[in-house]
Each structure stands twice: as structure tokens, then as C-alpha cells.
Amino acid sequence: MAAHRPLSRFWEWGKNIVCVGRNYADHAREMRSEVQAEPVLFLKPSTAYAPEGSAILMPAYTRNLHHELELGVVMGRCGRAVPEVAAMDYVAGYALCLDMTARDVQDECKKKGLPWTLAKSFTTSCPVSAFVPKEKVPDPHNLKLWLKVNGELRQEGDTSSMIFSIPYIISYVSKIMTLEEGDIILTGTPKGVGPVKENDEIQAGIHGVVSMRFQVQGPRC
């Protein structure tokens with residue numbers, strides 16, 4: 001790994017943000033969606049990153065911006081068609097992430113059979129916590145996630161409830177696209193997603209591991 005590309009600042013140089021949808025059955029139910037036999041994938045651009053200390057910018061074209069709390073898996077090396085049994089060898093660490101979603105826009109896209117890009121891929125749609133090295137997370141499938149808006153608890157979930165495991169997801173994604181060092185995979189959100197508005201404060205964490213705080217700002221030109 002080059003000295004000028006520390007994984008502790010993966011959001012500055014990592015290329016790909018790969019997101020997994022409907023990976024918690026309780027979230028699929030709250031969205032009135034079916035649980036799929038294979039992961040639902042979509043992408044965000046690297047400009048979606050918002051490290052802690054920056055703001056979440058609400059797009060001007062939405063009136064219903066939602067938070068979705070997710071565990072992110074940061075890749076430590078390049079991998080293509082990675083076997084599931086070897087997948088964790090490619091993991092460098094983790095980050096807590098938000099998949100900010102323009103829900104009204106997404107609903108319209110779904111009705112028309114269109115991609116979710118407008119709803120999911122806007123600037124600052126992927127707030128991220130500090131990088132957590134792999135060694136500090138003995139079992140990523142036994143983590144408790146939480147999120148509060150203005151001090152009110154909105155989301156709680158256990159990564160043990162994920163439908164598709166992290167090794168399965170890495171293997172599945174890497175058979176479609178080559179994963180590179182610094183890429184991140186968002187592994188889906190538990191139930192409790194909901195709206196935020198201008199000046200709201202979002203706090204979120206992985207119990208005993210990491211926490212983060214963001215403010216929502218209104219539309220900018």
C-alpha cells in the first residue's frame with residue numbers, strides 16, 4: 001500500500017461504493033418489498049462520501065430525505081471472483097455509513113422501473129465514520145448498530161440479522177466487478193429508516209466500536 005494512500009482515509013481515494021439493498025428482512029418488510037434470493041446492488045460515486053466533520057447536503061429535488069444506517073466493509077486489496085471461503089482475507093476494516101436516500105424520488109423511480117441513481121447517488125449521500133481496522137472487530141456479524149435523530153433513537157439492529165453474510169457479499173460482488181483496495185461495500189440497513197430535515201442532527205454508532213455525528217443542511221445551489 002502506497003504511503004500516500006492510507007486506508008484510514010479511504011474516502012479520499014477509494015473508487016467504488018457498492019451498496020446492498022434489502023439485506024435485513026425487517027427492513028424489507030417495512031418497505032413492503034420482497035426478500036430477494038440474491039443481493040440487490042446499486043452504486044454511489046466517490047463524491048457521495050461525507051467524512052465526519054462535514055455536513056449532509058439535502059438535494060433540492062427531494063422533500064423526503066431518509067437515513068439508512070449500514071455497516072461498511074473496506075477492501076484491503078484487489079479481488080476478482082473471490083471465493084467465499086477466502087473473502088475475509090480481502091477485508092482491511094470497517095466503517096459505519098449512512099445511505100442517505102431521497103425516498104420520494106426513489107418511490108417514483110420504482111413506479112417507472114427506473115434506476116435509483118437520483119435517489120441514492122447525490123453528493124454527501126454516503127456519510128462515513130472513522131476507519132476501524134479489521135483487528136478491532138473480531139466478529140462483524142455480531143455488532144449492534146444504532147442511530148438517533150436529535151437525540152431520539154430511530155434505528156437499532158444487529159448485524160447477525162443480515163440475510164447475506166459479508167463473505168457471501170464480497171464473493172458475489174467480485175464476480176460482477178473487480179473490487180479494489182479502498183473500495184467499500186455497504187451491507188444493508190436494519191428497520192427504522194425515516195425522514196430528516198434541515199438542521200437535524202444525526203448521531204450513529206456501532207456499540208463499543210465507533211460513533212459519528214452529522215448535521216443536515218438545506219439545499220445548496
May I ask you to decide if [Y]'s main-chain N or O and [X]'s side chain share a donor-acceptor pair within less than 3.5 Å?
X	Y	answer
T101	A119	no
S129	A95	no
T159	L143	yes
T62	D104	no
R154	P195	yes
S174	I170	yes
W11	C126	no
S54	P51	yes
T187	L71	yes

Measuring from [X]:[atom1] to [Y]:[atom2], what's the distance to the nearest 0.5 Å?
X	Y	atom1	atom2	value
H207	E156	NE2	CD	10.5 Å
L186	N23	CG	CG	11.0 Å
E12	S46	CD	OG	11.5 Å
Y90	M88	OH	CE	13.0 Å
M212	L96	CE	CG	4.0 Å
I202	F214	CD1	CZ	8.5 Å

Any donor-acceptor N or O pair under 3.5 Å, side chains [X], [Y]:
X	Y	answer
Q155	T189	yes
S160	N142	no
S125	K44	yes
D183	N16	yes

Report yes or no: do [X] and [Y] belong to one cluster of Ile/Leu/Val/Met/Phe/Trp/Tyr joined by side chain heavy-atom distances under 4.5 Å?
X	Y	result
V91	V210	yes
M162	V209	yes
L118	V40	no
L153	V193	no

Under 6.0 Å from the NZ atom of K191, do we count more than 12 heavy atoms belonging to anything else shown?
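No.
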Heavy-atom check, side chain of [X] versus side chain of [Y], under 4.5 Å:
X	Y	answer
V149	L147	yes
S161	D26	no
T123	Y49	no
V216	N199	no
V196	M100	yes
I163	Y24	no
P140	K134	no
L145	E70	no

Tell me every residue that passes salt bridge (Lys or Arg N to Asp or Glu O under 4.0 Å) with D158, counting only those two or more places apart in sequence or in another chain.
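Listed in chain order: K144.
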Before you tell me yes or no, could you show the steps for R213 and E201 under salt bridge (charged side-chain N to carboxylate O under 4.0 Å, His left out), namely the whole-Å CA-CA distance, both residues' side-chain angles and the distance that decides it to 0.1 Å?
CA-CA 7 Å; R213 184 189 305 256; E201 182 181 75; 3.1 Å; yes
Go through the steps to decide whether T178 and C78 satisfy the test side-chain contact (heavy atoms from CB on, under 4.5 Å), and finish with yes or no.
CA-CA 7 Å; T178 300; C78 184; 3.5 Å; yes
Summary of ring pair (Phe, Tyr, Trp, His ring centres under 6.0 Å) pairs that have at least one residue in residues 108-149, sequence neighbours excluded:
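Found F42-W116.
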Taking all heavy atoms of [X] and all of [Y], pick out the closest pair and write down the distance.
X	Y	answer
P83	S171	C-OG, 4.1 Å
C109	P115	SG-O, 3.4 Å
A55	A50	O-CB, 4.2 Å
A92	G76	CB-CA, 3.4 Å

Apply side-chain contact (heavy atoms from CB on, under 4.5 Å) to Y61 and V105, showing your working.
CA-CA 8 Å; Y61 54 80; V105 177; 3.8 Å; yes
R80: partners by side chain to side chain donor-acceptor pair (under 3.5 Å), with sequence neighbours left out
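With sequence neighbours excluded, R80 shows a side chain to side chain donor-acceptor pair (under 3.5 Å) to no residue whatsoever.
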Quick one: list whatever passes side chain to side chain donor-acceptor pair (under 3.5 Å) with N150, sequence neighbours left out.
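Partners of N150 under the side chain to side chain donor-acceptor pair (under 3.5 Å) test: D200.
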Any salt bridge (charged side-chain N to carboxylate O under 4.0 Å, His left out) involving residues 165-175? Give me the pairs, sequence neighbours left out, ordered by first then second residue.
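For residues 165-175: none.
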Tell me, please, which residues at least two apart from E38 pass side-chain contact (heavy atoms from CB on, under 4.5 Å).
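Here the qualifying residues are Y168, Y172.
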Before giving the answer on salt bridge (charged side-chain N to carboxylate O under 4.0 Å, His left out), spell out for R103 and E68 the whole-Å C-alpha distance, their side-chain angles and the decisive distance to 0.1 Å.
CA-CA 11 Å; R103 190 69 71 201; E68 296 192 10; 2.7 Å; yes
Would E181 and R5 satisfy salt bridge (charged side-chain N to carboxylate O under 4.0 Å, His left out), going step by step from the backbone distance to the final call?
CA-CA 10 Å; E181 181 187 14; R5 299 203 314 175; 3.3 Å; yes
List the steps, then state whether side-chain contact (heavy atoms from CB on, under 4.5 Å) holds for V132 with V137.
CA-CA 8 Å; V132 180; V137 181; 3.7 Å; yes
Salt-bridge contact K120-D99 (side-chain N to carboxylate O under 4.0 Å)
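Yes, charged N to carboxylate O under 4.0 Å.
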Report the residue from I184, T47, I185 that forms a side-chain contact (heavy atoms from CB on, under 4.5 Å) with I17.
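When side-chain contact (heavy atoms from CB on, under 4.5 Å) is applied between I17 and each of I184, T47, I185, only I184 qualifies.
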